[in-house]
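What follows is a set of notes on a single structure, which appears directly below.
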Amino acid sequence: MENSNINSEEEKWWGDKHLELINGFWFMPFFIPGVHRVLAEFNPRPSDVILSSFPKTGTTWLKSLLYSIINRSSLDSLVNNNPHNLVPYLEVQVYGDHHQESSESSTHLSSEDTTRLFSTHIPYQLLGKTLESSGCRVVYVARNPKDTLNSLWHFVNKWKMGEEAPWELEDAVEKFLRGTVPYGPYYEHVFGYRMASLKNPSKFFFITYEELKDDTKSHLKRLAEFLGCPFAEEDDKEVEEIVKCCSIEVLKNHEVNKSEDCLDWFPTPYNSFFRQAKVGDHTNYFSDEAIKRIDAFTEEKFHKSGFVYGI
Ligand code: A3P
């Protein structure tokens, strides 16, 4: 029958690109088999650490920080590896169609007593049961909606997917508020993990990009405590060294991160993960009208529910 394969839970977002809906969240078709496999097969160990985030909220930074906290004295790894190859995405490098069997990404095979560190963009609403079934620790990084969207808009325009027309900013704002961006809606994504952290703070650590920017050192120590590997007073130099080695100024200058080559699993260059890293950078691009629209939406979605964040 003609049209019998049309999926009604499918929407266009950028150019001719589609997203598909799973339980209220939008996914790029390319990642869906991996997402399903994570939900069906991933059995976290109590000792696992999962970094969860909405895209463009500081994932790369957190990967380098968490990796350094867990693998003390391994700062050289950051010189030679992009953070995405040190901390694999569950739905891509571990369970995705293009999973890698390299030593870094096959950490899921490692022995029971090593701390495995994974990342994911899968929302709490889908992954929460799996995460809570095991007692593993989850770190969630959130970023204010305008800088998140600004970062996403720049990032998408760097993808090398053929002859795409640029993603216009007005369209990006529209889609972001509608929720039809990869892993969207943003507001529900953040809210899901925030509620989990309020309910279960010993297992879910919720931090914002802005807090981390404001005082990286103190939050790094808090993260280490949460992960059960606190720094002692006399480790202060080591803490400062990690902060420096994970700063954008240092990371973006490593050859591996300057590379125009694309990731093995996605057509975006390594250097596209390192841009301005500024709080409030959206003001350089967004119109007053767009800012007002997003702020009104944020007030409705976050503030009215008691989460005063993002404006
Ligand atoms: P901007 O586009 O605003 O510059 P993600 O890692 O989730 O994809 O997020 C990317 C954003 O984090 C980009 O923001 C990028 O510049 C910023 N970023 C990358 N590395 C960082 C670091 N070491 N410290 C702070 N921000 C970083």
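Both counts, for ligands and for their atoms, begin at 1 and track the order of listing. The first residue in the sequence is number 1, and the count goes up from there.
With ligand atoms numbered from 1 in the order given, ligand 1 contributes 1 (P), 2 (O), 3 (O), 11 (C), 13 (C), 14 (O) to contacts under 4.0 Å with heavy atoms of Ser151. Ligand 1 places these atoms under 4.0 Å from at least one heavy atom of Ile248: 16 (O), 18 (N), 19 (C), 20 (N), 21 (C), 22 (C), 23 (N), 24 (N), 27 (C). For ligand 1, the atoms sitting less than 4.0 Å from at least one non-hydrogen atom of Arg143 are 1 (P), 3 (O), 11 (C), 14 (O), numbered in the order shown with element in parentheses. The contact set between ligand 1 and Gln276, taken as ligand atoms under 4.0 Å from a residue heavy atom, comprises 4 (O), 16 (O). When each atom of ligand 1 is checked for a heavy atom of Ser247 under 4.0 Å away, the hits are 23 (N). Ligand 1 places these atoms under 4.0 Å from at least one heavy atom of Ala277: 1 (P), 4 (O), 16 (O), 25 (C), 26 (N), 27 (C).
In this structure, the side chain of Arg137 does not engage the main chain of Ile50 through any donor-acceptor pair within 3.5 Å. Formation of a donor-acceptor pair under 3.5 Å by the Thr298 side chain with backbone atoms of Ile294 is found in this model.
Considering backbone and side-chain atoms together, Gly58 places an N or O closer than 3.5 Å to an N or O of ligand 1. Between Asn150 and ligand 1, not a single N/O pair is under 3.5 Å apart.
Under 4.0 Å from ligand 1, not a single heavy atom of Ser64 appears. Residue contacts with ligand 1 for Lys63 are absent, since no atom lies close enough (heavy atoms, distance under 4.0 Å). With a 4.0 Å heavy-atom cut-off, ligand 1 is reached by the side chain of Tyr209 but not by its N, CA, C or O. Here Leu251 has side-chain heavy atoms under 4.0 Å from ligand 1, and that is the only part of it that gets that close. Residue contacts with ligand 1 for Ser53 are absent, since no atom lies close enough (heavy atoms, distance under 4.0 Å).
The closest protein non-hydrogen atom to atom 8 (O) of ligand 1 is Lys56 NZ, 2.7 Å. The nearest protein atom to atom 23 (N) of ligand 1, hydrogens excluded, is given as Cys246 O, 2.8 Å; this is a heavy-atom distance. Among protein heavy atoms, the minimum distance from atom 6 (O) of ligand 1 is reached at Thr60 OG1, 2.4 Å. Looking only at protein heavy atoms, the nearest one to atom 16 (O) of ligand 1 is Arg275 N, 2.9 Å. Scanning the protein heavy atoms around atom 7 (O) of ligand 1, the nearest turns out to be Thr59 OG1, 2.7 Å. Ranking protein heavy atoms by distance to atom 15 (C) of ligand 1, first place goes to Phe273 O, 3.4 Å. In terms of protein heavy-atom proximity, atom 22 (C) of ligand 1 is nearest to Trp61 CG, 3.4 Å. What sits closest to atom 20 (N) of ligand 1 on the protein, heavy atoms only, is Phe274 CD2, 3.6 Å.
Look at Thr57 and you'll find a heavy atom under 4.0 Å from some atom of ligand 1. Using a 4.0 Å heavy-atom cutoff, Lys278 is absent from the residues neighbouring ligand 1. Under a 4.0 angstrom heavy-atom cut-off, His154 registers as lying outside contact with ligand 1.
Checked by atom type, the side-chain pair Ser52/Thr120 shows no donor-acceptor distance below 3.5 Å. No hydrogens or angles considered: a donor-acceptor pair under 3.5 Å links the side chains of Tyr183 and Glu91.
Judged by the 6.0 Å and 45° rule, Arg194 forms no cation-pi pair with Tyr309. Relative to the six-membered ring of Phe231, Lys221 misses at least one condition, a distance below 6.0 Å or an angle of at most 45° to the axis. Within the cation-pi definition used here (under 6.0 Å to the ring centroid, within 45° of the axis), Arg143 qualifies as a partner of Tyr209. A cation-pi geometry, defined here as NZ or CZ lying under 6.0 Å from the six-membered ring centre and within 45° of its normal, does not hold between Lys17 and Trp13.
Aromatic ring orientation, His84 versus Tyr89: parallel (interplanar angle below 30°, classes split at 30° and 60°).
Using a cutoff of 4.0 Å between basic side-chain nitrogens and carboxylate oxygens, Lys292 and Glu289 are not scored as salt-bridged. Salt-bridge formation is not detected for the pair Lys146/Asp281: no Lys NZ or Arg NE/NH1/NH2 atom is positioned less than 4.0 Å from an Asp or Glu carboxylate oxygen. Using a 4.0 Å cut-off between charged side-chain N and carboxylate O, Asp171 and Lys12 make no salt bridge. Here Lys304 does not pair with Glu299 in a salt bridge; the nearest charged N to carboxylate O distance is not below 4.0 Å.
Counting all heavy atoms, side chain and backbone alike, Phe54 lies closest to Thr57 at O-OG1, 2.7 Å.
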